[in-house]
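Starting from 1, each residue takes its place in the sequence as its number.
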Amino acid sequence: MEFYIRPINSGDGKGLNELRRMPGVFETILGIPSERIKNNEDFILNMDSNQHQFIAISKLQNKEEVVIGTVGLSVNGNHRTRHSGSIGIMIHKDYQNKGVGTALMDAIIDVADNWLMLVRLELTVFEDNVKAIQLYEKYGFEKEGIKRLAAIRNGQYENEYLMARINLVPYPTR
């Protein structure tokens with residue numbers, strides 16, 4: 001399977017919306033089946049300099065491109081927490097466990113570590129999302145706590161883990 005990663009652009013709202021509303025995806029993120037394309041397009045158009053977003057694109061046999069994943073990083077804007085950011089990621093249900101999540105995490109962590117020099121990255125994940133937790137742990141994320149009754153999913157309140165990755169690697173100076 002071939003795919004590539006690129007920064008998100010205006011016009012990607014439809015593909016992002018299809019991904020966010022997809023059964024097998026929206027249950028693991030804070031999406032909702034009635035989310036509108038305009039909301040996604042507005043999000044893209046209104047991103048500021050503290051937001052970084054990549055998408056994974058695959059080409060179908062008919063050469064049509066489809067969004068198969070996305071990852072975002074929001075750097076905290078407060079001066080005292082500017083060393084940290086939050087990550088969110090989602091992968092098309094038919095492309096999970098095929099390297100897309102790893103490629104997206106590589107891209108966003110490169111930005112966080114090598115271009116923004118962030119020390120702390122954090123995220124939340126439903127406590128039963130074992131595959132996602134394994135992906136995050138592969139990148140050094142550790143469980144810091146449980147957010148009890150953090151979100152509604154399928155008519156029930158569900159817990160989320162708060163996970164973080166601390167990168168105190170000394171940066172070389174010239």
Side-chain angles (χ1 to χ4, degrees), residues 5-13 15-17 19-21 25-32 35-36 38-56 67 69-91 100-153 157-174:
I5 309 292
R6 68 164 171 78
I8 201 163
N9 294 319
S10 63
D12 288 331
L16 186 61
N17 180 267
L19 186 62
R20 288 184 56 82
R21 294 183 304 103
V25 175
F26 77 83
E27 304 91 344
T28 63
I29 64 168
L30 297 180
I32 190 163
E35 191 168 286
R36 293 177 178 87
K38 183 176 182 336
N39 292 0
N40 299 120
E41 197 62 43
D42 288 347
F43 167 79
I44 296 166
L45 293 174
N46 293 312
M47 289 175 65
D48 64 26
S49 62
N50 286 329
Q51 294 174 292
H52 307 270
Q53 189 95 17
F54 290 102
I55 59 173
V67 175
T70 187
V71 65
L73 167 64
S74 294
V75 178
N76 291 340
N78 183 298
H79 298 289
R80 294 179 61 191
T81 58
R82 181 76 174 86
H83 63 286
S84 62
S86 300
I87 290 179
I89 185 171
M90 62 186 142
I91 312 300
V100 178
T102 296
L104 287 167
M105 288 294 285
D106 285 344
I108 208 69
I109 286 180
D110 176 60
V111 169
D113 288 354
N114 299 316
W115 299 101
L116 302 176
M117 294 178 66
L118 299 181
V119 173
R120 177 183 174 85
L121 295 178
E122 59 186 31
L123 55 84
T124 59
V125 58
F126 285 108
E127 65 182 348
D128 63 353
N129 192 345
V130 175
K131 291 178 184 175
I133 292 167
Q134 289 171 343
L135 175 66
Y136 306 143
E137 288 175 338
K138 180 171 115 175
Y139 285 90
F141 284 82
E142 297 178 7
K143 296 173 188 165
E144 291 189 329
I146 294 179
K147 292 176 64 177
R148 295 181 8 208
L149 308 179
I152 299 169
R153 180 174 61 173
Y157 293 102
E158 299 285 346
N159 298 338
E160 291 179 323
Y161 286 120
L162 174 61
M163 297 183 74
R165 172 187 180 266
I166 306 297
N167 183 21
L168 290 175
V169 175
Y171 292 94
T173 57
R174 293 182 191 230

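- Residues passing the salt bridge (Lys or Arg N to Asp or Glu O under 4.0 Å) test with Asp128 are Arg153, sequence neighbours excluded.
- Of the possible polar contacts, none joining the Asn129 side chain to the Phe126 backbone as a donor-acceptor pair under 3.5 Å is found.
- Under the 3.5 Å distance criterion, the side-chain polar atoms of Gln134 are left unmatched by any main-chain donor or acceptor of Ala132.
- Here Glu122 pairs with Arg120 under the salt bridge (Lys or Arg N to Asp or Glu O under 4.0 Å) rule; sequence neighbours left out.
- By the side-chain contact (heavy atoms from CB on, under 4.5 Å) test, Val67 pairs with Leu19, Ile55, Ile57, sequence neighbours left out.
- Every pair passing side chain to side chain donor-acceptor pair (under 3.5 Å) that includes a residue from residues 40-49 is listed here, sequence neighbours excluded: Asn17-Asn40, Glu35-Asn40, Lys38-Asp42.
- Closest non-hydrogen pair, Gly101 versus Ile89, comes out as O-CD1, 3.9 Å.
- Side-chain contact check for Val125 versus Phe141: every heavy-atom pair is 4.5 Å or farther apart.
- Looking only at side-chain heavy atoms (C-beta outward), Val75 and Arg82 come within less than 4.5 Å of each other.
- The heavy-atom pair separating Leu45 from Ser10 by the smallest distance is CD2-CB, 3.5 Å.
- Scored by the side chain to side chain donor-acceptor pair (under 3.5 Å) test, Lys147 finds no partners at all (sequence neighbours excluded).
- Residues forming a side-chain contact (heavy atoms from CB on, under 4.5 Å) with Arg80 (at least two apart in sequence, or on another chain): Asn78.
- A distance-only check finds no donor-acceptor pair linking the side chain of Thr124 to the backbone of Leu162 [under 3.5 Å].
- Remark: Lys143 pairs with Ile133, Glu137, Tyr161, Met163 by the side-chain contact (heavy atoms from CB on, under 4.5 Å) rule, at least two apart or across chains.
- With sequence neighbours excluded, the residues satisfying side-chain contact (heavy atoms from CB on, under 4.5 Å) with Ile152 are Tyr157.
- Listed here is the closest heavy atom pair of Thr70 and Phe54: OG1-O, 2.8 Å.
- Partners of Ser86 according to the side chain to side chain donor-acceptor pair (under 3.5 Å) rule, which considers only residues two or more places apart in sequence or in another chain, do not exist here.
- Looking at heavy atoms from C-beta onward, Met47 lies in side-chain contact with Ile8 at the 4.5 angstrom threshold.
- More than 12 non-hydrogen atoms from other residues, nucleotides or ligands lie less than 6.0 angstrom from CZ of Arg6.
- For Asn159 against Arg148, the heavy-atom pair with the smallest separation is OD1-CA, 3.2 Å.
- For Ser84, the side chain to side chain donor-acceptor pair (under 3.5 Å) test picks out Asn76, with sequence neighbours left out.
- Side-chain atoms of Asn167 do not come within 3.5 Å of backbone N or O of Val119 as any donor-acceptor pair.
- No side-chain heavy atom of Arg165 sits under 4.5 Å from any side-chain heavy atom of Tyr136.
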